Each structure stands twice: as structure tokens, then as C-alpha cells.
Amino acid sequence: MSGAGTENSFRQALGSIKDTTTVSLAKVNTVFASISATRPRADVAYCIHALAKRLSKTHNWAVALKTLILIHRGLREVDPTFHEKLINYGRSRRHMLKMSHFKDDTSPNNYSGWIRSYALFVEERLECFRVLKFDIETDRPRTKDLDTPELLVELQVLQQLLSRVLGCQRQGATGHNFIIQLALSMVASESMKLYQAISDGTAKRDPDVESGGGHESGQEFG
């Protein structure tokens with residue numbers, strides 16, 4: 001399906017991601033299917049535009065978080081054309097993941113700070129792909145194979161992404177929220193691969209220096 005049919009079905013599915021404190025994974029999967037690699041590029045571009053509009057207009061933490069999860073899943077599960085479409089969208093407009101001013105006053109549990117941190121992580125994850133041209137989740141770490149100049153650049157980018165991972169640690173009531181736990185599970189799985197890539201690169205750069213303690217990084221999200 002393409003054209004008006006895709007837009008209508010996507011609009012209906014996106015409308016189901018409502019201002020509620022629960023999430024229907026079936027509905028999220030329906031929206032996610034609209035940005036999958038099987039869709040024509042024009043359809044994917046339309047979906048990214050619609051997600052960006054949804055993210056920029058909402059003041060509800062549940063809608064913002066569900067939308068960010070959709071984008072994060074796209075980075076994990078869709079082919080690199082999705083990454084490129086997001087990057088190009090950010091070049092032509094205010095980047096859709098800039099959420100430093102997001103604030104939600106609808107819930108007694110203020111999740112706004114955590115959502116801002118999660119948005120920073122997803123944004124940094126996309127920046128990591130833009131600079132390094134590989135995805136930390138789907139591609140094999142290559143730090144062992146790089147010469148020193150390229151290795152230093154890669155380590156700097158990966159360490160910046162790691163700082164965003166650490167910013168997503170559980171805070172107060174966030175540890176008990178199902179939707180946040182879903183996002184955290186994805187961040188945690190990527191943190192282990194990220195740490196391994198950094199460890200491999202550090203060992204190659206400084207063969208006489210042992211790094212320790214980083215194996216605990218994923219445990220912060222458990």
C-alpha cells in the first residue's frame with residue numbers, strides 16, 4: 001500500500017497512540033510497520049514527518065515516550081535508509097529529537113526529565129550513525145580493526161553515546177512504569193554492546209592499560 005492509502009492507515013494508527021498511561025503494543029507495532037524497510041521511501045518520509053509533528057506538538061509524557069520508542073525501534077530494526085531519512089529531515093528542519101524544553105504537567109509522577117534524557121540518547125544514537133556510518137545495535141563492532149586516527153574519532157563518538165546511556169538510568173517512579181521499562185530494556189541491551197566496542201578500542205589504543213568496572217553498565221537498568 002502507498003500514497004493516500006498509506007497516509008490514511010498510518011494516520012489512524014498514529015492516532016491510537018493516545019494520551020494514556022498504558023501502551024498497546026499491537027497499536028505501536030501497527031505504526032512501526034509504516035516505517036519498515038518494506039515500505040516505499042516516500043511512505044517512510046511521510047511517516048517521519050508525521051512522527052515529528054506528533055512529537056513537537058504533544059505536552060503529554062505518554063505520547064512523547066511512545067513516539068520516541070517508535071523512532072528508537074526504527075533505528076534498531078529498519079534498514080539504514082530510515083537513519084538517512086531522519087538525518088535529512090533534521091538538516092532541513094529543526095531536529096525532531098530536540099526536546100530540551102519538553103515538560104508534562106498531566107501526571108503526579110513527573111517523567112519529563114527522564115523523557116528528555118531518553119530523547120538525548122536517541123538523538124546521540126542517530127548522530128553516532130551519521131559520523132561512524134554503522135549502527136551500534138545491528139553492526140559488528142569494528143574498533144579492533146581501526147588504525148589509530150580513526151580509532152580515536154570512533155572512541156570519542158562512542159564515549160559520548162555512553163554518557164547519554166548513563167543519563168537514562170532509572171529515577172524514582174520511572175523504575176515502576178511499564179512504558180519506560182520497555183525503553184530501558186532497549187537502552188540496556190545496547191549499552192552492553194557499546195561498552196564492548198569501547199573496551200576493545202581502549203585495549204588496542206592502550207594495550208598496557210586494563211579497563212575495569214564497565215561490565216556493570218548494563219546492570220544499572222536491571
Side-chain angles (χ1 to χ4, degrees), residues 32 35 37 41 44-45 47-56 64-102 112-169 180 183-202 205 214 217-218 220-221:
F32 179 71
I35 58 172
R41 291 194 176 194
V44 175
C47 295
I48 289 173
H49 175 76
L51 287 170
K53 185 176 180 181
R54 182 78 159 166
L55 202 56
S56 66
L65 182 52
K66 292 176 196 178
T67 306
L68 287 170
I69 287 172
L70 285 167
I71 296 168
H72 190 183
R73 281 193 60 188
L75 294 176
R76 289 165 58 94
E77 301 176 38
V78 180
D79 70 13
T81 58
F82 180 70
H83 299 63
E84 297 293 347
K85 288 287 186 183
L86 279 176
I87 292 168
N88 291 337
Y89 186 91
R91 286 172 177 163
S92 61
R93 301 169 180 83
R94 176 184 178 274
H95 201 288
M96 64 188 295
L97 297 171
K98 295 291 186 184
M99 298 188 65
S100 59
H101 299 294
F102 175 79
S112 300
W114 192 88
I115 289 172
R116 290 193 296 267
S117 296
Y118 181 48
L120 283 172
F121 165 76
V122 177
E123 179 185 26
E124 197 67 46
R125 196 185 186 289
L126 182 61
E127 177 67 7
C128 183
F129 176 86
R130 186 189 70 80
V131 175
L132 303 181
K133 304 303 182 186
F134 88 103
D135 187 89
I136 191 66
E137 172 68 14
T138 59
D139 298 327
R140 182 184 67 86
R142 59 185 188 181
T143 42
K144 288 182 178 180
D145 306 323
L146 297 176
D147 294 331
T148 299
E150 292 84 1
L151 177 62
L152 293 177
V153 171
E154 186 142 325
L155 281 176
Q156 183 178 11
V157 173
L158 294 177
Q159 287 167 348
Q160 178 63 24
L161 181 58
L162 181 61
S163 73
R164 300 305 189 192
V165 168
L166 296 176
C168 290
Q169 294 180 36
I180 292 177
L184 277 170
S185 68
M186 294 191 290
V187 175
S189 70
E190 293 173 21
S191 74
M192 302 305 293
K193 296 179 181 179
L194 178 60
Y195 170 71
Q196 186 61 56
I198 293 173
S199 296
D200 291 344
T202 302
R205 185 192 64 185
S217 60
E220 299 292 342
F221 304 94

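Since the structure is predicted, the reported quantities are computational estimates derived from the model, not experimental observations.
Taking CG of Leu75 as the reference point, atom CG of Leu70 lies at 11.0 Å (rounded to 0.5 Å). Separating the CZ atom in Phe102 from the CD1 atom in Ile115 is a distance of 4.5 Å, to the nearest 0.5 Å.
Between Arg142 and Glu154 there is a salt bridge, since a side-chain N of the basic residue sits under 4.0 Å from a carboxylate O of the acidic one.
Scanning for side chain to side chain donor-acceptor pair (under 3.5 Å) contacts around Thr143 gives an empty result, with sequence neighbours left out. Residues meeting the salt bridge (charged side-chain N to carboxylate O under 4.0 Å, His left out) test with Asp145, sequence neighbours left out: Arg140. Every side chain to side chain donor-acceptor pair (under 3.5 Å) that Arg76 has, sequence neighbours left out, goes to Ser189, Glu190. Taking Lys85 as the reference, nothing meets the salt bridge (charged side-chain N to carboxylate O under 4.0 Å, His left out) condition, with sequence neighbours excluded. Taking the side chain to side chain donor-acceptor pair (under 3.5 Å) definition, one finds that Arg205 meets it with nothing, sequence neighbours left out. Residues passing the side chain to side chain donor-acceptor pair (under 3.5 Å) test with His83, sequence neighbours excluded: Asp135.
Side-chain polar atoms of Asn88 and Glu84 form no donor-acceptor pair below 3.5 angstrom.
The local environment of CD in Gln156 is sparse, with at most 12 non-hydrogen atoms from other residues, nucleotides or ligands closer than 6.0 Å.
The shortest side-chain heavy-atom distance between His72 and Arg125 falls under the 4.5 Å cut-off.
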